[in-house]
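Throughout, numbering of the chain's residues begins at 1 and tracks the sequence.
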Amino acid sequence: PGGTPIGALPRRYERVVEDRLVARFGREWYRGEDGDTLRTVVRRLKSDYYAGRTTAYDATAVLAYAVYHLADYYAAVGYLLEELAESSLLPRRLRVVDVGAGVGGPALGLFDYLDDAERHDRTPGPALVDYHAVEPSAAADLLDRLLAETPQNVRATVHRDTAEAFDQA
């Protein structure tokens, strides 16, 4: 973010995911049977997704998904936001509704990009974000924990109901 290439997912987010992996699988979660389980789950999720099948996200699937996608989605949104900022199309005050937020890679990238842009005077004025995630799966637990690591200019709410539930309210 802020005009520089994105080298890695910030350590504060990595630590949250690692802590969950270690709690569930132990310190060497990436080796042996546990590592094989995570890789198998990722392959199943990707296969189901590309075949148009419904996917279920239990605690293991959420962790596998986070290992596989959190960093790349975080980075991808940073590059998109840079293009928007260069064209003066990125407002400093945002209200975001993220339906199917998953573990929040794009949201984390957005919050950090805006925080970084403010520090580097790329877009003057404080960035304020009112963020609402709609995530009914087990990913909401990890998302909640990751959002606790975001800058203070973010007001985040995770809604654990489906989007259809809002139509009935």
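Side-chain contact between Thr60 and Leu38 is present, with heavy atoms from C-beta onward closer than 4.5 Å. For the pair Leu128 and Arg92, the minimum side-chain heavy-atom distance is 4.5 Å or more. Using a 4.5 Å heavy-atom cutoff, the side chains of Asp141 and Val62 are not in contact. Side-chain contact between Thr150 and Leu108 is present, with at least one heavy-atom pair separated by less than 4.5 Å. With contacts defined as side-chain heavy-atom distances shorter than 4.5 Å, the pair Phe25/Glu33 does not qualify. Residues Val17 and Val103 form no side-chain contact, since every pair of their non-hydrogen atoms from C-beta on lies 4.5 Å or further apart. In this structure, the side chains of Asp144 and Arg160 come closer than 4.5 Å at one or more pairs of heavy atoms. Proximity of Arg12 to Asp112: side-chain heavy atoms (C-beta onward) are separated by under 4.5 Å at one or more points.
To the nearest 0.5 angstrom, Glu82 atom CD is 3.5 Å from Tyr113 atom OH. Interatomic distance, CZ of Arg145 versus OH of Tyr13, reported as 11.0 Å (0.5 Å rounding). Here the straight-line distance linking atom CH2 of Trp29 with atom CZ of Arg20 works out to 14.5 Å at 0.5 Å rounding. With values rounded to the nearest 0.5 angstrom, Leu9 atom CG is found 5.0 Å from Leu70 atom CG. Once rounded to the nearest 0.5 Å, the distance linking CG of Leu63 with CD of Glu18 reads 12.0 Å. Residue Leu143 holds its CG atom at 8.0 Å from CG of Asp98, rounded to the nearest 0.5 Å.
Across every non-hydrogen atom of Ala64 and Val41, the tightest pair is CB-CG1, 3.8 Å. Taking every heavy atom of both residues into account, Leu90 and Leu81 meet most closely at CD1-CD2, 3.8 Å. A pairwise comparison of heavy atoms in Ala61 and Ala56 identifies CB-O, 3.9 Å as the closest pair. Considering all non-hydrogen atoms of both residues, Arg24 and Ala59 come closest at NH1-CB, 3.7 Å. Smallest separation of non-hydrogen atoms from Val158 and Ala140: CG1-CB, 3.9 Å. In plain terms, the two heavy atoms of Val77 and Gly105 that are nearest each other are CG1-O, 4.5 Å.
Counting heavy-atom neighbours within 6.0 Å of Tyr49 OH, excluding the residue itself, gives a total of 12 or less. Around atom CZ of Arg95, no more than 12 heavy atoms belonging to other residues, nucleotides or ligands sit under 6.0 Å away. At most 12 heavy atoms of other shown residues, nucleotides or ligands fall within 6.0 angstrom of atom CZ in Arg155.
Using the six-membered ring where Trp is involved, His69 and Tyr73 have ring planes that are parallel, under 30° apart on the 30 and 60° scheme.
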>> For a side-chain hydrogen bond (donor to acceptor under 3.5 Å, both in side chains) check, start with the C-alpha distance between Arg44 and Thr55, then their side-chain angles and the critical distance, and finish with the verdict.
In response: CA-CA 9 Å; Arg44 178 184 48 83; Thr55 56; over 6 Å; no
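For the pair Asp34 and Arg27, the salt-bridge criterion is not met [side-chain N within less than 4.0 Å of a carboxylate O]. Salt bridge status for Arg11 with Glu149: absent, with no side-chain N to carboxylate O gap under 4.0 Å.
In terms of hydrophobic clustering, with Ile, Leu, Val, Met, Phe, Trp and Tyr side chains grouped at heavy-atom distances under 4.5 Å, Leu89 and Tyr79 are assigned to a common cluster. Both Val22 and Val16 belong to a single network of hydrophobic side chains, linked directly or stepwise wherever heavy atoms of I, L, V, M, F, W or Y lie under 4.5 Å apart. Linking ILVMFWY residues whenever their side-chain heavy atoms come closer than 4.5 Å, directly or via other members, leaves Tyr57 and Tyr68 in distinct clusters. Residues Leu142 and Val42 fall into different hydrophobic clusters, defined by Ile, Leu, Val, Met, Phe, Trp and Tyr side chains chained together at heavy-atom separations under 4.5 Å.
Judged by distance alone, the side chain of Ser47 and the main-chain N or O of Arg43 form no donor-acceptor pair under 3.5 Å.
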